[in-house]
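The structure appears below as structure tokens.
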Amino acid sequence: MQIDHDKLARFTARIFTSAGATAPIAEEVADHLVTANLKGHDSHGVGMIPSYVANISNGHLRTDAHAEVIRDQGAVLMVDGGTGFGQVVGREAVDIALQRVKKTGVVSMGVRNCHHLGRIGAYGEQCGRAGYVSVHFVNVVGHEPQVSPFGGRDRRMTTNPFCCVVPRVDDEPLVLDMATSAIALGKVRVAHMKGEPVPEGVLVDHEGLPTRNPAVMYEEPFGALGPFGNHKGYGLAVMCELLGGGLAGEWTAQPEHERPGTIINHMLMLVLDPAAFGGLTGFQREVTEMVRYLQSTTPAKGFDRVRVPGEPEQESLTLRLAEGIPIDDRSWRGIRKAAGKAGLTEEEIEALIA
Ligand code: NAD
């Protein structure tokens with residue numbers, strides 16, 4: 001099916017208010033999820049609703065939690081998310097960092113114990129639009145690991161996202177925002193839902209043999225998702241685990257920590273004020289001219305043109321705002337079922353999506 005983004009956001013927000021969230025919180029979470037869909041990341045969009053509703057009902061996700069500063073040393077801050085919606089506590093943590101960086105020029109912030117932060121680029125974009133550079137190292141715990149280390153067969157980490165954002169004058173920021181696994185786990189889930197194979201070189205089965213079947217991540221005997229870019233992607237994933245998980249969260253994917261089947265993100269975030277370095281003018285000149293230089297490349301065979309990080313998401317946004325958001329049938333059934341579990345009747349659901 002194809003659905004208009006406003007209608008989908010209203011439906012999503014009603015699911016969360018029905019599950020116990022206040023209207024402003026439900027609307028913020030809905031907006032984040034639908035924006036992920038609009039930007040082409042269905043892996044981190046409304047397809048997450050069933051697991052969020054399940055985590056609210058089993059007490060793993062606290063709908064009323066807000067970002068709490070638990071340590072303040074000027075340019076170094078620690079924030080606890082109290083297992084609240086990552087979309088709310090993550091945005092609040094960035095608000096705090098953006099206030100502080102005006103005075104300190106650089107902020108290093110640990111954000112711990114957030115329920116799923118969703119699309120990490122959202123926090124980078126918040127910094128970029130305010131004129132700041134940001135870097136985000138994130139780990140994912142609370143459930144069994146899914147990603148094997150380079151050279152290994154067993155799962156030891158999760159999809160540990162990394163994000164780096166550079167602001168631009170009169171333009172959207174440059175946004176590198178990615179899972180450090182070969183593809184985001186949510187993309188394996190979407191392929192599984194659609195009954196489609198994943199690209200080659202992404203998954204191995206329980207014997208460590210390459211497979212394109214996404215079911216190995218959801219049905220026994222389990223296989224594993226590999227890191228992107230061999231040892232280099234693996235290395236970056238390790239740094240996300242140790243900086244996001246170890247330094248900020250004090251909770252890495254080791255088996256000694258609990259794994260009750262929820263999704264917890266920890267994030268180490270650096271926010272830099274370009275004005276505190278060489279100054280804004282020279283930096284922006286370099287950014288603008290360098291992007292122009294990159295994009296002036298003759299396209300290689302099979303490519304229409306060269307893009308910079310963040311551009312594919314902008315293109316998807318333009319397209320999906322106009323044409324609506326596609327949702328596969330299996331995911332849609334899962335979302336409707338979750339709406340029912342949250343307390344909406346079939347009539348209410350029909351009225352919301354009509
Ligand atoms: P992706 O592979 O689609 O894109 C990764 C990056 O590459 C993006 O910055 C994109 O702009 C850039 N890119 C893509 N094509 C490009 C091109 N042709 N030219 C230049 N740049 C290009 O992203 P992904 O790895 O599938 O991650 C999807 C989302 O999943 C991200 O938003 C990430 O934050 C999120 N995620 C979240 C968690 C979590 O626990 N919260 C875990 C993993 C991933």
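Counting begins at 1 with the first residue of the sequence. Order of appearance sets the numbers: ligands from 1, and atoms from 1 within every ligand.
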Got a second to check how far [X]'s [atom1] is from [Y]'s [atom2], nearest 0.5 Å?
{"X": "Ile49", "Y": "Ile15", "atom1": "CD1", "atom2": "CD1", "answer": "4.0 Å"}
{"X": "Ser134", "Y": "Met109", "atom1": "OG", "atom2": "CE", "answer": "12.0 Å"}
{"X": "His116", "Y": "Tyr52", "atom1": "NE2", "atom2": "OH", "answer": "5.0 Å"}

For ligand 1, find out whether one of its N or O atoms is nearer than 3.5 Å to an N or O atom of [X].
{"X": "Met178", "answer": "no"}
{"X": "Ile120", "answer": "yes"}
{"X": "Ala179", "answer": "yes"}
{"X": "Gly310", "answer": "yes"}
{"X": "Glu311", "answer": "no"}
{"X": "Asp177", "answer": "yes"}
{"X": "Gly118", "answer": "yes"}
{"X": "Lys187", "answer": "yes"}
{"X": "His44", "answer": "yes"}
{"X": "Arg119", "answer": "no"}

For the [atom1] atom on [X], are there more than 12 heavy atoms of other groups (residues, nucleotides or ligands in this structure) within a distance under 6.0 Å?
{"X": "Phe303", "atom1": "CZ", "result": "no"}
{"X": "Gln99", "atom1": "CD", "result": "no"}
{"X": "Arg71", "atom1": "CZ", "result": "no"}

(request) Indicate yes or no for a side-chain donor-acceptor contact from Asp80 to the backbone of Ile70 under 3.5 Å, with no hydrogens or angles considered. (result)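 Side chain of Asp80 to backbone of Ile70: no pair is present.
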(request) Would you confirm whether Gln126, through its side chain, and Arg91, through its main-chain N or O, come within 3.5 Å as a donor-acceptor pair? (result)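 Checked: pair present.
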(request) Run the numbers for me: atoms of ligand 1, each under 4.0 Å from some heavy atom of His116, listed by number. (result)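 Result: 39 (C), 40 (O), 41 (N).
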(request) Could you tell me which atoms of ligand 1, counted from 1 in the order shown, lie closer than 4.0 angstrom to a heavy atom of Pro312? (result)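 Those of ligand 1 that fall under 4.0 Å from Pro312 are 11 (O), 13 (N), 14 (C), 15 (N), 16 (C), 22 (C).
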(request) Measure Leu185 to ligand 1 on non-hydrogen atoms and call it side chain, backbone, both or neither using the 4.0 Å cut-off. (result)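 Under 4.0 Å from ligand 1, Leu185 contributes no heavy atoms.
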(message) Give me the nearest non-hydrogen protein atom to atom 40 (O) of ligand 1 as residue plus atom name, then the distance to 0.1 Å.
(response)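 For atom 40 (O) of ligand 1, the nearest protein heavy atom comes out as Asn265 ND2, 3.0 Å.
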(request) Give a yes or no on whether Met178 and Leu294 share a hydrophobic cluster (residues Ile, Leu, Val, Met, Phe, Trp, Tyr; joining criterion: side-chain heavy atoms under 4.5 Å apart). (result)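 Not linked; separate clusters.
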